[in-house]
Every structure is written in C-alpha cells, then in structure tokens.
Amino acid sequence: MTRPIRVRFAPSPTGKLHIGGARTALFNWAFARRFGGKFLLRIEDTDPERSTKEYERAILEGLRWLGLDWDEGPDIGGPHAPYHQMQRLSLHKEYAADLLARGHAYRCFCTRERLEEMTKAQDAKKEKNAYDGRCRDLPLAEVERRAAAGEPYVLRFRVPAGQTRFKDHVRGDVVFDNKEVEDWVMVRSDGNPTYNFVVVCDDIDMEISHVFRGEEHLVNTPKQVLLYQAFGKPIPEFGHLPLMLGTDRKKLSKRTGDTALQDYADRGFPKAAIVNFLCLQGWALDGTTEVFGVEELVKHFDIKDVGKGGSIFDIEKFLWLGGEYIRRESLEELAQHCLPHVLARGAVTEADLRARWPWFLGIVTAERERIRTYGEFAERTAYLFAPDESVAYADDALAAAKKHLGRIETLRAYLDWLRPRLADGVDAAAVRDATKAWVAERGLKMPALFQPLRVALTGLAGGPDLFDAMGWIGAPSTLRRIEIALERLA
RNA sequence: GGCCCCAUCGUCUAGCCCGGCCUAGGACACCAGGUUUUCAUCCUGGCGACAGGGGUUCAAAUCCCCUUGGGGUCACCA
C-alpha cells in the first residue's frame, strides 16, 4: 500500500501559467520535497487547437523562475518518457483497446445531432443531462457490422452500478453514487482520447501515487477512480485544493485582476514574495509567522494541513509582502532588480544608468522603504528621467500644492533666493539647512514651501527628502522646474 | 436546476481531526497617536469573527442534524 511518493503537475499549454496553477505546482513540489518523493512535469497537449509551444516554454520558464525543479519532465526526460501526452498516444490506444476487449467500454454510434436532441429533450423534462445509454447494450454483431461499414463511433466507459469512494487528503473521504456518473466518452470519433481517460493512463504508467489538483477536478475524480478499478491498478490518493477566488468570490478570472504568474512578475513582485503569498492561500506555517521562505515550506508542508475553503486573492496583502521582501534585499540586489523595470519605461538607457551607478544606488536607498514592487520603483522615479517641461503632476500632489494660497509668491521668492546658492551645484545638506532657516525667517509654515516645491520638482505628493531630490536632478533642472511650476501651479 | 464541495474578524488565517488551557490568537486593511519637511518606513494603541437553529455533553468554534449563504461542475475542453 505504501508506494514510493510520486506527484506531478500537468499543465495544458493553452495559456500562460495561471497563478492558481503555480500554487498547485508549488504544493505538489513541496509535498515531494518534504517526503522524499519525486515531482514530475507532464504536458497535457491533447488539444492541438489551443496548445502552443510558446505557452509550453513560458510555463516551464515560470516554474523554474519560481524555483521549482522537477525530477522528470519534457525537457529532461526520465524513466517514463515521453512527457508530452501527444507522444503517448499509442499507449493510450492500447489501454483503450484493453478496456473495450474486457467490456469496460463500448462503441457508441450516436451522432452529435442525436445527442443534441437528447439533451434538449432532457432539458424540456427538467431531467439531468447524461448519456441515455442507447448504444450501451447493442448486439455484438450489429456493432461489428456498423463499425465495418465505416460508421463513426466513440468509445464510452461503461459505468457500473454502485458507489465510488476515494481518499482525499484535504476533504476527507468522498463518495459519489455511480448513478451520477454518465457513460462518458473515452475516445473521440477521430480516435483521439479525452482528458479524463488520458490522465489516468498516464498517471498509471508514471506510477503517480498522489494527485493534488484544483477543486474544479473533484467531480472528475469518480470517473477516474472507476477507470483505475477497471484497469485493476492501485488508486492514487487525492487532494483537491481550494480555489483561489477573485474579489467577486468566483474562480479567479481576468475580470477581477491579473491571473497569470507572468503578470505579477512583470509588475515586479519579488519572486520570494510570490512564493510566500501563494503558500498563504490555503496553508499556514503556524498561524503566526507570515513571512517565510521555501525552506520552511518544505520543512513543514503537508497536504493534510491545506484548508478546505476557497480564498479570495487579496492584492493588498500581496503588496505588503512584496515590500517586506524588498526591504530584506541588499542595496545592490534591489538596484539590479529595479533596473529592468526602469529601462522598460524607455526614458533612459542601461549604459547611462550603469555609468552613474552610485547615483542610482542613492535613489534606490531613498525609495526602498516606500516601494512594494520593483515596478513601483520605476513609477515613482519616472520624474528623474522626464524632460523638465513634462514632469507629470499627480492629482493628489496638485491638490496639496494648491491648498497653499501664497504658493506662487513663496516659490518665486524662494527661486530668487535659491538661484545663487546653486551656482556651484547642489550641496543637499547645506541647502536643506539654509532653506529651513529661510522658511523660519519669513514666518512660513514648512508645508507652505515644501508642498509646492515637491510638486515642482517631482510631480508627486510624497517622496524622499526634497534636497536629495534636488541633488539627483541637478541644479539646472531644479531651477528650471521651479520656473515652470510658477506657471503650472498658478 | 441535479450532483458535489465549503462556511472563524472586511480579507488571509491559527484553533476544529484527538470537545475543557478560547473572556477565540496572528497578519493585511482600516482608525487613532508617536517619529518625520511630505509620503513611506518604524513604534504604540484601537476596531473587528465562531452564519442561524436544533441536538449530544458536566462542558462545543471544536461532534451530529437541519436551514441559510457561497462556490464548483454538468462537452467527442482540459
């Protein structure tokens, strides 16, 4: 009964890696690593219409990027190769022939048109939609004759009477009445097997011991268990993970936010924060520790501890975690991570940035406590690379500046005062002290100068020390931006 | 609608399996205060939940039943 632990993640390359899929992969991986099992990857490319090599590559890249490594898979092979389902077709056909020969499957000649009518009739009578079994007990002679005549047919699984139960590590034992399971199609009329059939063939062949997947597969499970029984093969243990929900409480979809792992990588979430956050959706280390890494996950993860209820994807907490990880990075590390996001905005070249790396590090130092993603860094520092004439003024910043009635006079007086002091460049410490004294002398409140000034220089309502910012943009731009603000803030 | 699954603060969750230590713990968010030229970081405090109703028991968030609510799924897609 105790088999070697072998789990798998089997994505279909019909889209980008879904964030929920990433969590499924993570939990499978963690389970294998915790209990010394094998983690394998299998590509379910049985839908040639929608599968692409690009998606497949992107999915593998995404998993690798997260730090998940597999012991067997399409790119590295393994004892049960190939790991692309399309390349395993002959095996599936053998399995199907076996089931047909032993009476666990039968040929069904019902046309799509007839099936449609059947469904319509069932709807009209408010009956449940299920195959009515017309071809289930056709005389063998008739079956042979029609098949020989070239009449198209599908292979349906002959669901026996009784009940089907299976072990689910997150839900407990689950029981289905076989009456609820229809005689489903195993092999299409074009000879290609369907998902529910192929999955079981491959899981048997690859000696998968545990199947952990999303809850949407729960209702498929009885069909699959019945198949294992028909084959006389050991049934794996299951674990149906709760769904990740959008803010509408429904299965996470593009309607309520980004769904692809790539989207979050593009926004500049630290990958460790992504992994950490994924862990927190349905699992907890000890209920108290929120920030932890994969070492802790692998040390403590068990499928039994995964919660049953779906969890709403809370982007705010995700962002908070991002900030936590960013503040744990070394300065150099963080700068390297921010770099591509700054470059992506297209206002500066890598060579330029590399040439003034210490300058860049200074800015990273000042912004790090404010950002939660690398993308936010790029956003917040856009003013540094903008032409003086077109610094974007944020709405809240503009409102804050305009609260000060004397802003124009103050700014004009300050500009006149400042100009000679910047003749030899910006000495941030000196200007800072002198400016405070200037404000005090004139009996002004600090914000009366600082808020309009901040908008003039950065266009933002908040940010790092203003005099540091002067140093970053330099004396000419400082003066020029104040001049421009005199008009834009009027 | 049939079937299946689920149900602790607004959100993520600990506690539930093996009833008592729970006047239910932590985190995000929010509110208030401190620090600060602003924003943020950081620190302090606050708000806030066992869906409802029945049982079982000396004792129930924890076990059982019902109701309600939410979700998933009903293809020759995966």
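Here the structure is a predicted model, which is why all the values come from computation and not from measurement. Below, each value reflects all heavy atoms present in this structure, side chains not excepted, and no hydrogens, waters or symmetry copies.
Evaluation of atom-type donor-acceptor distances gives a pair under 3.5 Å for the side chain of A:Arg454 against the base of B:U38. Side-chain N/O atoms of A:Arg171 and base N/O atoms of B:C5 include no donor-acceptor pair closer than 3.5 Å.
Side-chain contact between A:Leu245 and A:Thr256: absent, with no pair of heavy atoms (C-beta onward) separated by less than 4.5 Å. No side-chain heavy atom of A:Tyr106 sits under 4.5 Å from any side-chain heavy atom of A:Leu155. Within the 4.5 Å cutoff, the side chain of A:Phe292 has heavy atoms near those of the A:Leu285 side chain.
Atom NZ in A:Lys223 sits about 15 Å away from atom P in B:C4, given to the nearest Å.
B:A49 and B:G15 have their C1' atoms separated by 13 Å, given to the nearest Å.
Residues A:Phe269 and A:Phe277 place their aromatic rings such that the two centres sit no closer than 6.0 Å.
A:Lys179 comes within 4.0 angstrom of nothing in the nucleic acid, heavy atoms only. Contacts of A:Asp177 with the nucleic acid, taken as non-hydrogen atoms under 4.0 Å apart, are absent. Within 4.0 Å of A:Glu290, counting heavy atoms only, lies at least one base atom of the nucleic acid. As judged by a 4.0 angstrom heavy-atom cut-off over every strand, A:Arg368 is placed among residues making no nucleic acid contact. Here A:Val154 lies in heavy-atom contact (under 4.0 Å) with a base. Within the nucleic acid shown, A:Lys308 comes within 4.0 Å of sugar-phosphate atoms alone, with no base atom in reach, counting heavy atoms only. In this structure, A:Gly323 reaches neither bases nor backbone, as no heavy-atom distance under 4.0 Å exists between it and the strands shown. Counting non-hydrogen atoms under 4.0 angstrom, A:Leu449 reaches nothing in the nucleic acid.
Of the side-chain N and O atoms in A:Ser311, one or more sit less than 4.0 angstrom from OP1 or OP2 of B:U13. Within the structure, every side-chain polar atom (N or O) of A:Lys251 is placed at least 4.0 Å from both OP1 and OP2 of B:G72. In this structure, A:Arg112 does not reach the B:A75 phosphate: none of its side-chain N or O atoms is under 4.0 Å from OP1 or OP2.
Under the Watson-Crick or G-U wobble criterion, with both distances below 3.5 Å, B:G46 is paired with B:C30. Base pairing annotation: B:C58 forms a Watson-Crick or G-U wobble pair with B:G20, both donor-acceptor distances under 3.5 Å. The nucleotide B:U73 finds its pairing partner in B:G2, both defining distances of the Watson-Crick or G-U wobble pair being shorter than 3.5 Å.
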